[in-house]
Enquirer: 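Sharing a structure with you now.
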Amino acid sequence: MPELPEAERARAQIEKVLGREIVFVDDRDTYVCRPHAPGEIAEALIGRTLTVAHRRGKFLWAETSDDGPELGLHLGMAGRIAIDEPAHEKWDRFALEFADGSRLALRDKRRLGRALIEPDFDHIGPDAALISRDAFRERVGRGSMPLKARLLDQRSLAGVGNLLADETLWRAKLNPKRAAGELSEEELDHLRRVLRAATRDAIRKGGVHTGDFIPHRKRGHACPRCGTTVDRATVGGRTTFWCPNCQP
DNA sequence: AGGTCTGTTCAGCT
DNA sequence: TAGCTGAACAGACC
């Protein structure tokens, strides 16, 4: 279940194959490669190389040589980038093969990942790890939506998933159900600092889904800070855990 | 073995 | 327009 930290690892993986000539593209999965027909992505990429790998939030894209189209990739909920691993017939939803025999695959059990050319990121907000203080105040601190729902909205802010949202709100001692627009500037600034720190920690630990990032995120578990049993509810359409004592 | 849960994005409502 | 709901997917889990 990739979030920003996992996406950054994936971007680094893509960097390993920059400059290699693409000789084959497996774009047969019309769901993952929508809206393209089979062969369209292949036609656009064969003969070119990937030149630069970018990321904003969870969205990945690579520039291609000779003014070629950009290649957009998204890991969905279960995807990862596999470099030079033996091909997996079922789970490799998209793949590039290079002239030197190496291979890049979008390996995704759930099939919610995406691969497409000329991706459009106009509607995606600034990266959660890079957003300025003023932009954060403006984009997050508005509206009547629950604060957690606002953090998960990739148009407001790109990169925060369910686990990172819970971890960040727990560290910041903010209740996920509070209306985002009712936070003070001080609370928003604090939230932004905590979010950046939590994101850095998650990247360092190799991702947010390693198990120990937010250990109390289970029914009936105790808050690591005060021992209170955590509450559980659906907020913004997502399962949410919080400490009713620390996050009033 | 079957039902429930999982998370992100997007379409389609109000 | 803002915000909410459910569909899409398919494996993990109980």
Side-chain angles (χ1 to χ4, degrees), chain A residues 1-11 27-36 55-61 72-82 88-94 105-116 118-128 138-169 176-183 195 198-199 202 207-211 213-221 230-242:
Chain A
M1 294 144 273
E3 299 190 25
L4 187 152
E6 286 84 357
E8 175 54 28
R9 289 187 75 200
R11 194 198 61 79
D27 60 357
R28 291 171 296 169
D29 190 320
T30 53
Y31 184 73
V32 168
C33 297
R34 67 189 184 281
H36 303 297
R55 177 189 62 77
R56 184 151 111 224
K58 307 166 196 172
F59 296 86
L60 302 164
W61 72 99
L73 295 169
H74 195 288
L75 302 175
M77 281 210 309
R80 66 184 180 87
I81 299 297
H88 195 290
E89 193 56 40
K90 200 170 172 185
W91 294 337
D92 287 355
R93 313 293 183 176
F94 175 80
L106 172 60
R107 185 158 299 179
D108 176 17
K109 293 181 179 180
R110 300 287 295 280
R111 211 182 172 197
L112 287 167
R114 288 289 294 276
L116 73 167
E118 300 290 21
D120 176 12
F121 298 131
D122 284 353
H123 57 299
I124 301 305
D127 188 272
E138 189 178 312
R139 303 182 73 97
V140 177
R142 65 185 168 86
S144 59
M145 278 176 79
L147 176 57
K148 176 168 174 181
R150 176 64 69 209
L151 288 177
L152 292 174
D153 179 5
Q154 307 296 305
R155 287 166 304 203
S156 300
L157 185 68
V160 180
N162 200 26
L163 296 195
L164 188 55
D166 274 7
E167 170 75 14
T168 299
L169 291 172
K177 291 185 170 181
R178 279 182 62 187
E182 288 173 8
L183 268 70
L195 173 58
T199 303
V208 93
H209 295 271
T210 53
F213 191 69
I214 179 165
H216 59 287
R217 207 176 175 283
K218 277 185 176 159
R219 269 199 158 101
H221 278 223
V230 295
D231 275 351
R232 178 192 193 274
T234 299
V235 181
R238 301 286 158 266
T239 304
T240 301
F241 292 87
W242 75 98

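The model shown is predicted, which means the values in this text are computed figures rather than measured ones. Below, all heavy atoms of this structure are taken into account, side chains as well, without hydrogens, waters or symmetry copies. Letters go in sequence order (proteins before strands), and every chain restarts at 1.
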Enquirer: For A/Arg232, which contact category applies under a 4.0 Å heavy-atom criterion: base, sugar-phosphate, or nothing?
Expert: sugar-phosphate
Enquirer: What's the CZ-C1' distance between A/Arg238 and B/dT8, to the nearest Å?
Expert: 7 Å
Enquirer: Taking atom P of B/dC10 as reference, at what distance in whole Å does atom CZ of A/Arg155 sit?
Expert: 9 Å
Enquirer: Give the nucleotide from the list B/dT8, B/dC5, B/dC10 with an atom nearest to the side chain of A/His123.
Expert: B/dC10
Enquirer: Below 4.0 angstrom from OP1 or OP2 of B/dC5, is there any side-chain N or O of A/Thr239?
Expert: no
Enquirer: Take A/Arg111 and A/Asp108 through the test salt bridge (Lys or Arg N to Asp or Glu O under 4.0 Å) and record every step on the way to the result.
Expert: CA-CA 5 Å; A/Arg111 211 182 172 197; A/Asp108 176 17; over 6 Å; no
Enquirer: If you go through the side-chain atoms of A/Arg110, does one of them form a donor-acceptor pair with the base of B/dT9 closer than 3.5 Å?
Expert: no
Enquirer: Roughly, in whole Å, what's the span from CG in A/Asp153 to P in B/dC10?
Expert: 11 Å
Enquirer: Write down the distance between CG (A/Leu157) and P (B/dT9), rounded to a whole number of angstrom.
Expert: 12 Å
Enquirer: Does a nitrogen or oxygen in the side chain of A/His74 sit under 4.0 Å from OP1 or OP2 of B/dT8?
Expert: no
Enquirer: Going 5' to 3' on DNA chain C, which nucleotide is the first and which the last to come under 4.0 Å of a heavy atom in chain A?
Expert: C/dG3 to C/dA12
Enquirer: Regarding A/Glu6 and A/Arg9, does a basic nitrogen lie under 4.0 Å from an acidic carboxylate oxygen?
Expert: no
Enquirer: Any base atoms under 4.0 Å from A/Arg150, or only sugar-phosphate, or nothing? Heavy atoms, all strands.
Expert: sugar-phosphate
Enquirer: To the nearest Å, give me how far apart CG (A/Asn162) and P (B/dT6) are.
Expert: 9 Å
Enquirer: Output the rounded distance in Å from CZ (A/Phe121) to C1' (B/dT8).
Expert: 15 Å
Enquirer: Does A/Gln154 have a side-chain nitrogen or oxygen under 4.0 Å from the phosphate oxygens OP1 or OP2 of B/dT8?
Expert: no
Enquirer: Can you tell me how far the CD1 atom of A/Ile81 sits from the CG atom of A/Leu106, to the nearest 0.5 Å?
Expert: 5.5 Å
Enquirer: Let me know the distance between CG of A/Leu4 and P of B/dT9, rounded to the nearest Å.
Expert: 11 Å
Enquirer: Check the orientation of A/His74 and A/Phe59. Use parallel for under 30°, tilted for 30 to 60°, and perpendicular for over 60°.
Expert: perpendicular
Enquirer: Could you go through the side-chain contact (heavy atoms from CB on, under 4.5 Å) check for A/Leu183 and A/Arg178 one step at a time?
Expert: CA-CA 8 Å; A/Leu183 268 70; A/Arg178 279 182 62 187; 4.0 Å; yes
Enquirer: Run A/Leu151 and A/Leu169 through side-chain contact (heavy atoms from CB on, under 4.5 Å) and show every step you take.
Expert: CA-CA 10 Å; A/Leu151 288 177; A/Leu169 291 172; 3.9 Å; yes
Enquirer: For a quick test of reading the model, state the closest non-hydrogen atom pair linking A/Thr239 to A/Lys148 and the distance between them.
Expert: O-NZ, 3.2 Å
Enquirer: How do A/Lys90 and A/Ser144 order along DNA chain C: which one's closest nucleotide is nearer the 5' end?
Expert: A/Ser144
Enquirer: Whole angstroms only, please: what is the CZ-P distance between A/Arg56 and B/dT9?
Expert: 13 Å
